[in-house]
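Working notes, beginning with the structure itself.
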2 protein chains.
Amino acid sequence: MDNTIKVERAILDLTQDELAKRIGVSRQTINSIEANRYVPSTVLALKLSEVFNKPVNDFFKLTDD
Amino acid sequence: MDNTIKVERAILDLTQDELAKRIGVSRQTINSIEANRYVPSTVLALKLSEVFNKPVNDFFKLTDD
DNA sequence: TAAAAATGTAAACTATATTTGTCATATAGT
DNA sequence: ACTATATGACAAATATAGTTTACATTTTTA
């Protein structure tokens with residue numbers, strides 16, 4: 001799984017903490033997702049989709065592994 | 001969370017078991033998702049997106065609760 | 001109408017997402 | 001230099017997702 005959360009966040013000029021608050025998770029959750037330490041739930045992905053105003057597939061991509 | 005997996009599956013004329021095999025999960029996983037017993041991971045949602053050839057947002061929607 | 005295929009559901013279990021707490025580092029402004 | 005802000009990372013604990021097994025019910029088809 002690859003993601004471009006960091007880019008989307010930069011477009012909106014949000015800090016990790018601000019984004020986290022907007023979707024109701026901890027800052028560490030955002031940080032861990034950006035660092036590819038884990039993949040978020042579909043609910044979280046859809047909330048990010050709302051904030052970014054883009055479909056989930058735009059910022060989450062499956063990789064071979 | 002609402003989903004229209006059952007409809008997408010019908011469009012492709014797949015059984016729960018066939019869809020399950022295509023994305024590498026158990027039949028019960030598909031059944032449980034269709035029955036709204038739980039929401040799948042983003043990885044699974046993206047795999048469904050591949051099979052259905054539609055963005056995740058097309059068949060998964062956030063609800064108020 | 002009987003057999004086979006498809007679906008629904010539940011309990012126990014395993015895997016993973018998320019929180020909380022904490023520390024380190026880097027940067028910008030005073 | 002000092003302070004505040006933003007980020008990266010990690011470990012332990014908790015919550016939730018997903019698997020397996022098993023059995024029941026419905027639907028399809030021969």
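Worth saying up front: this structure is predicted, and the values here are computed from it rather than measured. Letters A, B, ... mirror the listed sequences (proteins, then strands); counts begin at 1.
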Closest nucleotide among [options] to the [X] side chain:
X	options	answer
A/S26	D/dA9, C/dT20, C/dA17	C/dT20
A/V39	C/dA17, C/dT20, C/dG8	C/dA17
A/Q16	D/dT7, C/dT19, C/dT18	D/dT7
A/V25	D/dA9, C/dT19, C/dT9	C/dT19

Quiz item: In Watson-Crick or G-U wobble terms, both distances under 3.5 Å, what is the partner of D/dC10?
Solution: C/dG21
Quick one: [X] [atom1] to [N] [atom2], roughly how many Å, whole number?
X	N	atom1	atom2	result
B/M1	D/dA17	CE	P	10 Å
A/Q28	D/dT14	CD	P	17 Å
A/Y38	D/dC10	OH	P	14 Å
B/D13	D/dT27	CG	P	17 Å
B/L14	C/dA5	CG	C1'	15 Å
A/R37	D/dG8	CZ	C1'	7 Å
B/N36	C/dT9	CG	C1'	15 Å
A/L48	C/dA17	CG	P	14 Å

Quiz item: Does a nitrogen or oxygen in the side chain of A/S41 sit under 4.0 Å from OP1 or OP2 of C/dT18?
Solution: yes
Quiz item: Closer than 4.0 Å, any side-chain N/O of A/K6 to the OP1 or OP2 of D/dG8?
Solution: yes
Quiz item: To the nearest 0.5 Å, how far apart are NZ in B/K6 and CG in B/N31?
Solution: 8.5 Å
Quiz item: Hey, what do you get for CG (A/D2) to CZ (A/F60), rounding to the nearest 0.5 Å?
Solution: 10.5 Å
Quiz item: Looking for any heavy atom pair under 4.0 Å, which part of the strands does B/T15 touch: base, sugar-phosphate only, or nothing?
Solution: sugar-phosphate
Practice problem: Check the hydrophobic clustering (I, L, V, M, F, W, Y; side-chain heavy atoms under 4.5 Å; chains of links allowed) and say if B/L48 and B/L12 are grouped together. | Solution: yes
Quiz item: Side-chain donor or acceptor of A/R27 under 3.5 Å from a matching atom on the base of D/dG8?
Solution: yes
Quiz item: Under the side chain to side chain contact (heavy atoms under 4.5 Å, CB included) criterion, do B/T42 and A/L44 qualify, and how do the steps go?
Solution: CA-CA 9 Å; B/T42 297; A/L44 192 43; over 6 Å; no
Practice problem: Take B/N31 and A/L44, find for each the nucleotide of DNA chain C with the closest heavy atom, and name the residue whose nucleotide sits nearer the 5' end. | Solution: B/N31
Practice problem: Measure from the side-chain N and O atoms of B/R9 to the backbone N and O of B/L14, and report whether any donor-acceptor pair falls under 3.5 Å. | Solution: yes
